> 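This structure is in structure tokens; I'll ask about it shortly.
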Amino acid sequence: MSTAPDRPPSRPRFLPCWLLLAAALATGCDRQAQPVASKEQVFENQNFRVVRIDLKRETLSLHWKDPDSGEAFGTINALRQWGMAHNRRMLFAANAGIYDRQFAPLGLYVENGKTSVPLNLAHGNPASGNFSLLPNGVFAIYPDGHADVQTSAAFKAAGKPAQWASQSGPMLVIDGKLNDQFIDDSNSLKWRSGVCAKTPHQVVFAVSEAPVNFHTFARLFKEELGCRNALYLDGTISQFYVEGEGYAGAPTFMVKPYAGIFAVFTQPTP
């Protein structure tokens with residue numbers, strides 16, 4: 001039995017309200033100010049991983065082949081390992097646009113100012129794939145650092161050379177309106193990923209954590225994320241990687257080799 005004298009219980013220490021408020025505001029600001037901000041978001045009882053990238057603070061690039069070997073990266077992990085070998089940490093990655101059976105981009109592909117595949121304006125059979133569900137579009141980042149999502153026809157009409165660009169389809173949102181090809185109660189459910197440029201320097205990526213139809217996915221971008229133009233990237237095989245959080249999107253056993261991968265890396269360390 002303790003022989004120590006009884007002491008009155010210590011009183012809890014309270015911080016002044018203004019100090020607590022300041023700390024809370026600072027924390028909130030820090031989260032909003034992250035150059036790569038990842039969030040689990042619920043829309044229509046579905047979970048989505050939403051990633052916002054500040055292009056004023058980070059470089060979003062596009063990768064298909066290892067510049068040294070000429071071999072396609074194929075997977076996010078292979079690209080991540082390449083980054084590590086060059087003293088660069090991968091902060092974010094997502095598979096890019098539609099590709100063909102030879103694992104080559106099916107539409108426009110521009111990597112660091114070089115066009116490897118030209119703009120594809122062929123009108124195929126919508127039953128043959130999502131790319132032919134018109135209009136399709138282009139997500140591009142320009143030499144001055146601003147990003148945009150446009151229909152393929154609008155991109156061609158603008159005639160501006162891009163630094164990084166990937167063509168995919170269909171467009172999810174066009175000038176603030178849902179693509180009218182989508183059916184509200186469609187039973188075509190897949191894991192889906194897409195992208196928009198919320199502002200010229202804020203890019204927003206989203207991937208579903210469970211299968212959804214096009215209509216719900218497009219409404220996520222229009223109603224929840226506030227995007228005037230949004231582009232579908234891919235479905236069934238789509239995954240995101242976020243440093244510290246791992247992978248989101250389709251289950252790993254569904255994933256097949258990618259033709260292009262968007263990524264944010266840290267700058268090389270000495």
Side-chain angles (χ1 to χ4, degrees), residues 34-41 47-55 58-107 109-112 116-117 130 139-141 147 163-168 190-196 203-211 217 231-269:
Q34 290 296 318
V36 178
S38 172
K39 179 182 179 182
E40 191 80 14
Q41 205 147 335
N47 291 336
F48 299 88
R49 173 60 57 180
V50 177
V51 178
R52 291 174 171 82
I53 299 169
D54 181 353
L55 296 184
E58 294 292 350
T59 298
L60 177 63
S61 51
L62 189 56
H63 305 264
W64 177 14
K65 299 177 179 179
D66 185 321
D68 298 321
S69 68
E71 295 292 323
F73 287 110
T75 68
I76 290 174
N77 189 56
L79 180 60
R80 181 168 170 261
Q81 295 296 325
W82 173 84
M84 291 173 64
H86 291 79
N87 296 315
R88 302 177 69 188
R89 291 187 357 260
M90 176 184 281
L91 304 180
F92 167 76
N95 54 303
I98 304 296
Y99 55 91
D100 61 24
R101 293 181 180 179
Q102 285 70 47
F103 299 105
L106 187 60
Y109 183 91
V110 181
E111 185 172 325
N112 204 18
S116 300
V117 180
N130 295 320
F139 168 57
I141 302 172
Q163 189 71 15
W164 313 90
S166 178
Q167 186 181 8
S168 190
K190 300 180 184 296
W191 286 272
R192 302 186 187 278
S193 64
V195 64
C196 85
V203 172
V204 182
F205 286 88
V207 65
S208 65
E209 296 281 27
F217 194 55
L231 179 66
Y232 182 63
L233 292 176
D234 210 343
T236 304
I237 63 172
S238 290
Q239 279 192 337
F240 288 1
Y241 171 84
V242 179
E243 184 185 49
E245 298 178 6
Y247 291 84
T252 300
F253 73 87
M254 300 288 292
V255 174
K256 296 180 180 179
Y258 300 137
I261 303 170
F262 293 109
V264 175
F265 285 101
T266 59
Q267 294 303 308
T269 55

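Every value quoted in this text rests on a predicted model; they were computed, and no experiment measured them.
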> Considering only residues two or more places apart or on different chains, which pairs with a residue in residues 66-80 satisfy side-chain hydrogen bond (donor to acceptor under 3.5 Å, both in side chains)?
Arg80-Tyr241
> What distance do Leu233 atom CG and Phe139 atom CZ have between them, rounded to the nearest 0.5 Å?
8.5 Å
> Partners of Ser193 by side-chain hydrogen bond (donor to acceptor under 3.5 Å, both in side chains), sequence neighbours excluded?
Ser238
> Got a second to check how far Cys196's SG is from Leu231's CG, nearest 0.5 Å?
10.5 Å
> side-chain hydrogen bond (donor to acceptor under 3.5 Å, both in side chains) with Thr59: which residues, sequence neighbours excluded?
none
> About how many Å separate OG of Ser116 and NZ of Lys65, when rounded to the nearest 0.5 Å?
7.5 Å
> So Gln41 and Asn47, do their side chains get closer than 4.5 Å, heavy atoms only?
no
> Please report the shortest heavy-atom distance between Trp164 and Leu62, naming the atom on each side.
CE3-N, 3.2 Å
> Take Glu58 and Leu91 through the side chain to side chain contact (heavy atoms under 4.5 Å, CB included) test and state the conclusion after the steps.
CA-CA 10 Å; Glu58 294 292 350; Leu91 304 180; 3.9 Å; yes
> For a quick test of your reading: what N or O donor-acceptor pairs under 3.5 Å do the side chains of residues 248-264 make, sequence neighbours left out?
unit_1: Tyr258; atom_1: OH; unit_2: Ile237; atom_2: O; d: 2.6

> With sequence neighbours left out, what residues match Asp100 under side-chain contact (heavy atoms from CB on, under 4.5 Å)?
Gln102, Ala104, Leu106
> Are the aromatic rings of Phe92 and Phe265 close, with centres under 6.0 Å apart?
no
> Under 4.5 Å between any side-chain heavy atoms of Phe240 and Ile76, yes or no?
no
> Shortest non-hydrogen contact from Pro105 to Val117?
O-CG1, 3.8 Å
> Can you name the residues that form a side-chain contact (heavy atoms from CB on, under 4.5 Å) with Ser38, not counting sequence neighbours?
Arg49, Val51, Val242, Glu245
> Yes or no on side chain to side chain contact (heavy atoms under 4.5 Å, CB included) for Tyr232 and Val195, after CA distance, side-chain angles and deciding distance?
CA-CA 7 Å; Tyr232 182 63; Val195 64; over 6 Å; no
> Heavy atoms only: give me the nearest Leu55-Ala147 pair and the separation to one decimal.
CD1-CB, 3.6 Å
> State, without any angle test, whether Gln239 and Asn95 hold a side-chain donor-acceptor pair at a distance under 3.5 Å.
no
> Can you list the residues that meet the ring pair (Phe, Tyr, Trp, His ring centres under 6.0 Å) rule with Trp64, with sequence neighbours excluded?
Tyr109
> Whether the side chain of Thr266 engages the backbone of Arg89 through a donor-acceptor N/O pair (distance < 3.5 Å, no angle test) should be reported.
yes
> What distance do Met90 atom CE and His63 atom NE2 have between them, rounded to the nearest 0.5 Å?
7.5 Å
> Between CD of Glu209 and CD of Glu40, what distance do you get to the nearest 0.5 Å?
4.5 Å
> Between atom CD of Gln163 and atom CD1 of Ile141, what is the distance when rounded to the nearest 0.5 Å?
9.0 Å
> Mind checking what makes ring pair (Phe, Tyr, Trp, His ring centres under 6.0 Å) contact with Phe48, not counting sequence neighbours?
none
